[in-house]
Amino acid sequence: GDKTECLLIGTRQQLQKVGNISMLSVGDSQIAPSCEVRNLGTWFDSKMSMLCHINRTCSSAFYYLYNIRRIRKYLSCPITESLVHAFITSRVDYCNSLLYGLPNSHIRKLQRIQNAAARLVKGAPRFCHVTPLLFHLHWLPISYRIKFKILLLTFKCLYGLAPNYLIDLISIKKQSRYSLWSNDSLLLELPSTKTRPTLGDRAFQSAAPYLWNALRSTIRNIKTLDTFKTAVKTHLFLI
C-alpha cells in the first residue's frame with residue numbers, strides 16, 4: 001500500500017550487482033525502492049552510511065540549541081543542562097549503537113553538536129577548548145558514548161536483561177572444559193571476519209565481543225548494572 005517502502009542495502013559493489021530496480025511487485029502493489037527510509041525514528045540509506053540519520057539529528061539538535069541559547073541568560077546552569085539532555089542529548093544518543101564503525105568525519109558532525117551544547121551549558125566562549133568542559137560535565141565524547149551503549153547492551157545480554165534476539169548473537173568463550181561464569185577471563189567469542197572491513201563488522205554481533213574483550217577483567221566481572229555503568233564510564237574517560 002501507500003505506507004510500504006522498500007530499501008536495498010549493501011556496499012557499492014553489491015548494489016551494482018543488483019542493478020537498477022525501478023519497481024517491485026508485492027501482491028497487487030507496485031513499490032519503488034527508496035534512497036532513504038525511516039524505521040523506529042532512525043533513518044537508513046542504501047549503503048548504511050547513516051549520513052541521513054546524522055544530518056537530520058544535527059539539524060534538529062541545532063534548532064533546539066538555537067532556541068535554548070535565546071533564553072540562556074534567564075536559566076541557571078543545572079536547568080540549562082536539563083533542557084540540553086531533554087531536547088538534544090536524547091536525540092544524539094538515540095540508537096547511537098548503529099553509528100559504531102563509521103568514519104570519524106561522520107562522528108565529528110555529532111561531536112560539534114555536543115561541543116556547542118557543553119559551551120552553552122557552561123556559558124563558555126564559542127571557540128574555547130571543549131575537552132575540560134566535557135570532563136567537568138561528565139559527558140563522554142560521542143565516539144565513547146557509542147561504545148558505552150554497546151557495552152551496556154552486552155552486559156544486559158550476559159545477565160539476561162536484554163531481548164533474546166540480542167542475547168542469541170553473543171556467546172562466552174570457553175577457556176576449558178570447566179569454564180564457569182566465575183572465570184576471571186569472561187571473554188566473548190569473536191566471529192570470523194574478512195580481512196577487509198565489511199558492513200557486518202559494524203553489527204552488534206561483531207562489535208560487542210570486540211569492545212567487551214578490550215575491557216579490563218575487573219570490569220568484565222562486575223555483576224551489578226549500576227556498578228558496571230560507573231566503571232565503564234570511568235574507563236572510557238581515562239582512555
Side-chain angles (χ1 to χ4, degrees), residues 3-18 20-21 31-65 84-118 130 134 139-154 156-157 162-163 165-166 169-170 190-191 193-212 214 232 236 239:
K3 295 183 179 179
T4 303
E5 294 181 290
C6 169
L7 177 70
L8 297 175
I9 298 176
T11 63
R12 180 172 56 84
Q13 294 83 355
Q14 290 170 336
L15 292 174
Q16 284 179 344
K17 292 179 182 178
V18 174
N20 185 23
I21 299 177
I31 305 170
S34 303
C35 297
E36 302 165 349
V37 298
R38 188 181 188 186
N39 184 37
L40 299 177
T42 305
W43 288 90
F44 296 94
D45 58 86
S46 59
K47 296 178 183 177
M48 280 296 287
S49 71
M50 301 305 293
L51 264 178
C52 177
H53 176 75
I54 290 173
N55 289 337
R56 289 175 183 269
T57 299
C58 289
S59 177
S60 176
F62 272 125
Y63 168 80
Y64 287 106
L65 269 174
V84 165
H85 285 319
F87 294 102
I88 299 166
T89 307
S90 60
R91 285 174 167 78
V92 172
D93 285 346
Y94 182 70
C95 289
N96 62 349
S97 57
L98 294 170
L99 309 180
Y100 178 78
L102 291 181
N104 289 334
S105 57
H106 292 18
I107 302 302
R108 276 197 294 268
K109 293 186 175 185
L110 293 172
Q111 188 59 57
R112 283 194 286 270
I113 295 288
Q114 189 187 48
N115 293 350
V130 77
L134 296 177
W139 292 2
L140 285 170
I142 298 300
S143 60
Y144 292 137
R145 297 175 86 87
I146 294 169
K147 294 177 181 179
F148 179 83
K149 178 68 72 62
I150 295 173
L151 287 168
L152 188 59
L153 287 172
T154 306
K156 291 181 177 180
C157 287
Y165 66 83
L166 286 179
L169 294 177
I170 62 173
L190 287 167
T193 57
K194 298 180 180 179
T195 304
R196 295 179 60 187
T198 65
L199 288 177
D201 294 328
R202 290 169 45 195
F204 180 77
Q205 186 175 11
S206 296
Y210 177 80
L211 294 175
W212 180 266
V232 170
L236 293 174
I239 290 179

Verdict with supporting geometry, Val92 and Ile142, side-chain contact (heavy atoms from CB on, under 4.5 Å): CA-CA 8 Å; Val92 172; Ile142 298 300; 3.5 Å; yes
Which heavy atom in Leu8 sits nearest to a heavy atom in Ser46, and how many Å separate them? O-CB, 3.1 Å
What is the minimum heavy-atom distance between Ala61 and Ile113, and which atoms define it? CB-CG2, 3.7 Å
Take Val84 and Trp139 through the test side-chain contact (heavy atoms from CB on, under 4.5 Å) and record every step on the way to the result. CA-CA 12 Å; Val84 165; Trp139 292 2; 3.9 Å; yes
Taking Ser59 for the side chain and Asn55 for the main chain, is one N or O donor matched with an acceptor at less than 3.5 Å? no
Over all atoms of both residues, closest heavy-atom pair of Gln114 and Pro141: OE1-CA, 3.4 Å
From Lys147 NZ over to Ser97 OG, what is the distance, rounded to the nearest 0.5 angstrom? 14.0 Å
Value rounded to 0.5 Å, distance of CD1 in Ile170 from CG in Leu190: 11.5 Å
Within the 4.5 Å heavy-atom criterion, are Leu7 and Pro33 side-chain neighbours or not? no
More than 12 non-hydrogen atoms from neighbouring residues, nucleotides or ligands closer than 6.0 Å to CZ on Phe62, yes or no? yes
Has Arg56 got a side-chain atom pairing as donor or acceptor with Leu51's backbone, closer than 3.5 angstrom? no
State the NZ-OG1 distance between Lys149 and Thr154, to the nearest 0.5 angstrom. 12.0 Å
Let's go through Arg91 and Ser60 carefully: what are the C-alpha distance in whole Å and the side-chain angles of both, what is the deciding distance for side-chain hydrogen bond (donor to acceptor under 3.5 Å, both in side chains) to 0.1 Å, and is it a yes or a no? CA-CA 8 Å; Arg91 285 174 167 78; Ser60 176; 3.1 Å; yes
For Tyr94 against His53, the heavy-atom pair lying closest together: O-NE2, 4.0 Å
Indicate the atoms forming the closest heavy-atom contact of Leu102 with Ser49, along with that distance. CD2-O, 3.5 Å
Heavy-atom nearest pair, Trp43 first then Met50, reads O-CE, 3.7 Å
Say you draw a straight line from CG of Leu211 to CG of Leu153; how long is it, rounded to the nearest 0.5 Å? 11.0 Å
Apply the test side-chain contact (heavy atoms from CB on, under 4.5 Å) to residues Leu99 and His106: give CA-CA distance (whole Å), side-chain angles for both, the deciding distance (0.1 Å), then the verdict. CA-CA 9 Å; Leu99 309 180; His106 292 18; over 6 Å; no
Cys6 and Ser34, any side-chain heavy atoms less than 4.5 Å apart: no
Distance in Å, Glu5 CD paired with Glu36 CD, rounded so as to fall on 0.5 Å steps: 10.5 Å
Looking at Met48, is its backbone amide N or carbonyl O close enough to the side chain of Asp45 to form a donor-acceptor pair, meaning the two atoms are under 3.5 Å apart? yes
N/O donor-acceptor pair under 3.5 Å between Ser90 side chain and Ala86 backbone: yes
Side chains of Thr42 and Arg38 in contact at under 4.5 Å (non-hydrogen atoms): no
Working note: Leu110 + Cys58, criterion side-chain contact (heavy atoms from CB on, under 4.5 Å); need CA distance, chi angles, decisive distance, verdict. CA-CA 6 Å; Leu110 293 172; Cys58 289; 3.9 Å; yes
Nearest 0.5 Å, what's the CG-OH distance between Leu98 and Tyr100? 13.5 Å
Are there over 12 heavy-atom neighbours, none belonging to Phe204, within less than 6.0 Å of that residue's CZ? yes
Could you list the residues that satisfy side chain to side chain contact (heavy atoms under 4.5 Å, CB included) with Asp93, not counting sequence neighbours? Thr89, Asn96, Arg145
